[in-house]
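Keep in mind the model is a prediction, meaning the values are calculated, not measured.
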Amino acid sequence: DGTEYPARVMCSDDLTDLALLKITPRGALAAVSLGVSSNMRVGQWVLAAGNPFGLGGSVTSGIISARGRDIGAGPFDDFIQTDAPINPGNSGGPLFNMAGEVIGINTAIYSPSGASAGIGFAVPSDLARPVVESLIRGGRVDRGWLGVSVSDAEEQGRRQRGAVIMGVERGSPAARAGLRQGDLVTALNGEAVTTSRALVRGVAVLAPGETVRLTLQRGGRQQEVAVQIGRRPNEG
């Protein structure tokens with residue numbers, strides 16, 4: 001109804017570029033619901049709402065152009081790409097499906113000119129939901145951590161897909177479990193790992209202290225190693 005409220009930033013998560021804000025309304029407010037972004041498919045219609053160029057309450061329409069985009073913003077890039085016009089001022093606004101559910105949070109555009117070129121990106125609701133829940137619960141996001149640097153197997157000339165361990169931090173969970181440089185990780189708890197990013201993401205969603213099973217190739221032999229996940233350092 002046009003009512004404005006002052007908002008206070010409670011906490012934030014730099015790695016996903018999400019923040020939790022709090023307002024104190026005078027009465028009950030209607031709230032949009034989060035949808036399941038993994039149910040969305042390329043070609044489905046979406047609506048973007050926001051404040052482009054200060055024009056509040058603007059809505060644009062388009063389709064999902066791609067899913068799982070990596071735009072180099074961080075280790076957890078998994079953006080929904082849409083051609084719904086998104087411009088400066090849209091960031092933080094919702095991306096709706098046709099049921100009126102929020103399936104993304106608009107966050108970035110690709111634009112040589114600075115205006116919409118039909119290539120916008122949104123944080124999927126499936127990625128945002130656990131981050132928001134963690135921020136509400138404890139004011140921070142605790143992510144799992146191995147303490148390794150990794151590279152894609154294909155980039156290292158390996159025939160089998162997976163994540164090649166390029167380095168192991170001293171005193172890290174990986175070091176305590178006996179992981180070595182050159183190990184090729186192919187599965188995490190039985191789920192195939194095909195890229196280095198898949199390993200980083202798979203570990204990040206695990207709770208620190210949880211013990212997981214890594215399947216790896218070492219010296220031409222397959223073996224399984226139990227690793228107790230640590231807490232990713234330097235979380236705000």
Original post:
If we ignore angles and hydrogens, is there a donor and acceptor under 3.5 Å between the side chains of Thr195 and Asp152?
Top reply: no
**OP:** Side-chain contact test, heavy atoms from C-beta onward, threshold under 4.5 Å: evaluate it for Gln223 versus Val225 and give yes or no.
**Re:** yes
Original post:
Could you give the distance from CD (Gln217) to CD (Gln222), rounded to the nearest 0.5 Å?
Top reply: 5.0 Å
**OP:** Check whether any side-chain heavy atom of Ser196 sits under 4.5 Å from a side-chain heavy atom of Leu199, and report yes or no.
**Re:** no
**OP:** Determine, using the 4.5 Å side-chain heavy-atom cutoff (strictly less than), whether Trp45 and Val59 are members of one ILVMFWY cluster.
**Re:** yes
Original post:
Shared ILVMFWY cluster between Val227 and Val150, side chains joined below 4.5 angstrom?
Top reply: yes
Subject >> Main-chain N/O of Gly209 paired to Arg231 side chain as donor or acceptor, under 3.5 Å >> reply: no
**OP:** Without swapping roles, check the side chain of Asp126 against the backbone of Ser38 for a donor-acceptor pair under 3.5 Å.
**Re:** yes
Subject >> Spacing of OG belonging to Ser37 relative to CD1 belonging to Ile80, to within rounding of 0.5 Å >> reply: 5.0 Å
Original post:
Passes side-chain contact (heavy atoms from CB on, under 4.5 Å), Val164 versus Arg158? Steps please.
Top reply: CA-CA 9 Å; Val164 179; Arg158 303 286 188 98; 4.0 Å; yes
Original post:
Which pair of heavy atoms, one from Asn39 and one from Gln44, lies closest together, and at what distance?
Top reply: O-OE1, 4.0 Å
Subject >> Neighbour count >12 (heavy atoms, 6.0 Å) for atom CD, Glu154 >> reply: no
Original post:
Is there side-chain contact between Glu169 and Val148, with heavy atoms separated by less than 4.5 Å?
Top reply: no
Listing, residues 94-107 side-chain donor-acceptor contacts under 3.5 Å, not counting sequence neighbours, or none:
{"residue": "Asn97", "atom": "OD1", "partner": "Ala99", "partner atom": "N", "Å": "3.0"}
{"residue": "Asn97", "atom": "OD1", "partner": "Gly100", "partner atom": "N", "Å": "3.2"}
{"residue": "Asn97", "atom": "OD1", "partner": "Glu101", "partner atom": "N", "Å": "2.9"}
{"residue": "Asn97", "atom": "ND2", "partner": "Glu101", "partner atom": "OE1", "Å": "2.9"}
{"residue": "Asn106", "atom": "ND2", "partner": "Gly93", "partner atom": "O", "Å": "3.3"}
{"residue": "Asn106", "atom": "ND2", "partner": "Pro94", "partner atom": "O", "Å": "3.3"}

**OP:** Work out which heavy atom in Arg161 is nearest to a heavy atom in Thr186; give both atom names and the distance.
**Re:** O-CG2, 3.8 Å
Original post:
Could you go step by step and tell me if Leu188 and Val212 meet the side-chain contact (heavy atoms from CB on, under 4.5 Å) rule?
Top reply: CA-CA 7 Å; Leu188 173 64; Val212 299; 3.9 Å; yes
Subject >> Minimum-distance pair of heavy atoms, taken over all atoms of Ile86 and Ala48 >> reply: CG1-CB, 4.3 Å
**OP:** State whether the side chain of Ser125 and the backbone N or O of Gly35 hold a donor-acceptor pair below 3.5 Å, judged by distance alone.
**Re:** yes
Original post:
Which heavy-atom pair separates Ser12 from Leu135 by the least distance, and what is that distance?
Top reply: O-CD2, 3.9 Å
**OP:** Calculate, to the nearest 0.5 Å, the distance between atoms CZ and CD1 belonging to Arg41 and Ile63 respectively.
**Re:** 15.0 Å
**OP:** State the CG-CZ distance between Asp78 and Arg67, to the nearest 0.5 angstrom.
**Re:** 8.5 Å
Original post:
Is there a path from Ile119 to Val123 through hydrophobic residues (I, L, V, M, F, W, Y) whose side chains come within less than 4.5 Å of each other?
Top reply: yes
Original post:
Val193, Leu179: one ILVMFWY side-chain cluster at the under-4.5 Å cut-off?
Top reply: yes
Original post:
How about Arg143 and Leu15: do any of their side-chain heavy atoms sit closer than 4.5 Å?
Top reply: yes
Subject >> Non-hydrogen side-chain atoms of Gln156 and Ser151 separated by less than 4.5 Å >> reply: yes
**OP:** Given side-chain contact (heavy atoms from CB on, under 4.5 Å), test Ser172 with Trp145 step by step and report yes or no.
**Re:** CA-CA 9 Å; Ser172 67; Trp145 177 69; 3.9 Å; yes
Original post:
Is Tyr5 close to Arg26 at the side-chain level, that is, under 4.5 Å between some pair of heavy atoms?
Top reply: yes
**OP:** Identify the heavy atoms of Arg213 and Gly190 that sit nearest to each other, and give their distance.
**Re:** NH2-N, 3.4 Å
Original post:
Is there side-chain contact between Ile229 and Thr211, with at least one heavy-atom pair below 4.5 Å?
Top reply: no
Subject >> Cluster overlap Val141 with Leu20, hydrophobic side-chain contacts below 4.5 Å >> reply: yes
Original post:
Measuring from Ser91:OG to Asp17:CG, what's the distance to the nearest 0.5 Å?
Top reply: 7.5 Å
Original post:
Is there a donor in the side chain of Ser65 and an acceptor in the side chain of Asp83, or the other way round, less than 3.5 Å apart?
Top reply: no
**OP:** Locate the shortest heavy-atom distance separating Asn90 from Pro85; write the atom from each residue and the value.
**Re:** OD1-O, 4.3 Å
Original post:
Do Ile165 and Leu184 come within less than 4.5 Å of each other through their side chains, counting heavy atoms only?
Top reply: no
Original post:
When rounded to the nearest 0.5 angstrom, what distance separates CD in Glu4 from CD1 in Ile23?
Top reply: 11.5 Å
